[in-house]
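Contents: one structure, followed by commentary.
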Amino acid sequence: MARASSKSSTSARKSGARKASSRKTGTLTAAKPAAAKTAAAKPRAGKAAVKQPEVKPAAPAPAPVVVAPAAPVVSAPELGKRELVEQAVERSGVKKKDAKPVVEAVLALLGEAVAEGRELNLKPFGKLRINRSQERSNGKVFVCKLRQPDSSASPAEENAGEGQNSSADPLAEPASDG
């Protein structure tokens, strides 16, 4: 008979039935109102009653605030390849038929470098670092960080790290007639 009673208690444990006193700490249970708790609690015989502190009513919750999504900061229209070639022609003074293949080649090289995950460090443009990339059905999406130097820095200051190879330095000393 002793075995039968132990089997029934093990089967009760396996089925998931538990006693209320063996409940784990940290599990959530439905909260009862504070007034009902204190009224329902009765002192047990032989134990001193523990007085629970009074619960003050909670302050009303603040009104919810709807936050609008951040709009991207766009200060100028998009720069296309045609406009880039035109501006390169204006700045460099070369003919459009000579500038267009060079601009297209540079854009292709930049695209390949980014696709490989390489960091770009191009002095007037800035330093471009890829934070993460994601493959999509229509192509790859790159999230990049671009750090540009201050616009107040002059081109001479930017090229200061290049040493003696500055275009302002003469290639040779003038010959003396003596």
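What you see is a predicted model, and the numbers here were worked out from it, not measured in a lab.
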- Query: Are any non-hydrogen side-chain atoms of Q134 and R136 less than 4.5 angstrom apart?
  - Reply: yes
- Query: Looking at E83, E90, R91, which one forms a side chain to side chain donor-acceptor pair (under 3.5 Å) with Q87?
  - Reply: E83
- Item | Heavy-atom pair of closest approach, residues F142 and A115 | CZ-CA, 3.9 Å
- Might you point out which heavy atoms bring G126 and P149 nearest each other, and give the distance in Å? CA-CD, 4.1 Å
- Task: Applying side chain to side chain contact (heavy atoms under 4.5 Å, CB included), run through L120 and K127 and close with a yes or a no.
- Result: CA-CA 6 Å; L120 304 177; K127 186 171 185 174; over 6 Å; no
- Could you give the distance from CG (L109) to CZ (R118), rounded to the nearest 0.5 Å? 10.0 Å
- Report yes if the side chains of L122 and L110 come closer than 4.5 Å at any heavy-atom pair, otherwise no. yes
- Task: May I ask you to test the V114-I130 pair for a side-chain heavy-atom distance under 4.5 Å?
- Result: yes
- Kindly write out the residues that satisfy salt bridge (Lys or Arg N to Asp or Glu O under 4.0 Å) with E104, not counting sequence neighbours, or none if the list is empty. K81
- Would you kindly confirm whether V106 and L146 end up in one hydrophobic cluster when ILVMFWY residues are joined by side chain heavy atoms under 4.5 Å apart? yes
- Message: Quick one: does any side-chain atom of Q148 pair with a main-chain N or O of F125 as donor and acceptor, under 3.5 Å?
- Response: yes
- Query: Can you name the nearest heavy-atom pair linking K96 to V89, along with the distance?
  - Reply: CA-CG2, 3.6 Å
- Item | E119 vs L128 side-chain heavy atoms within contact, under 4.5 Å | no
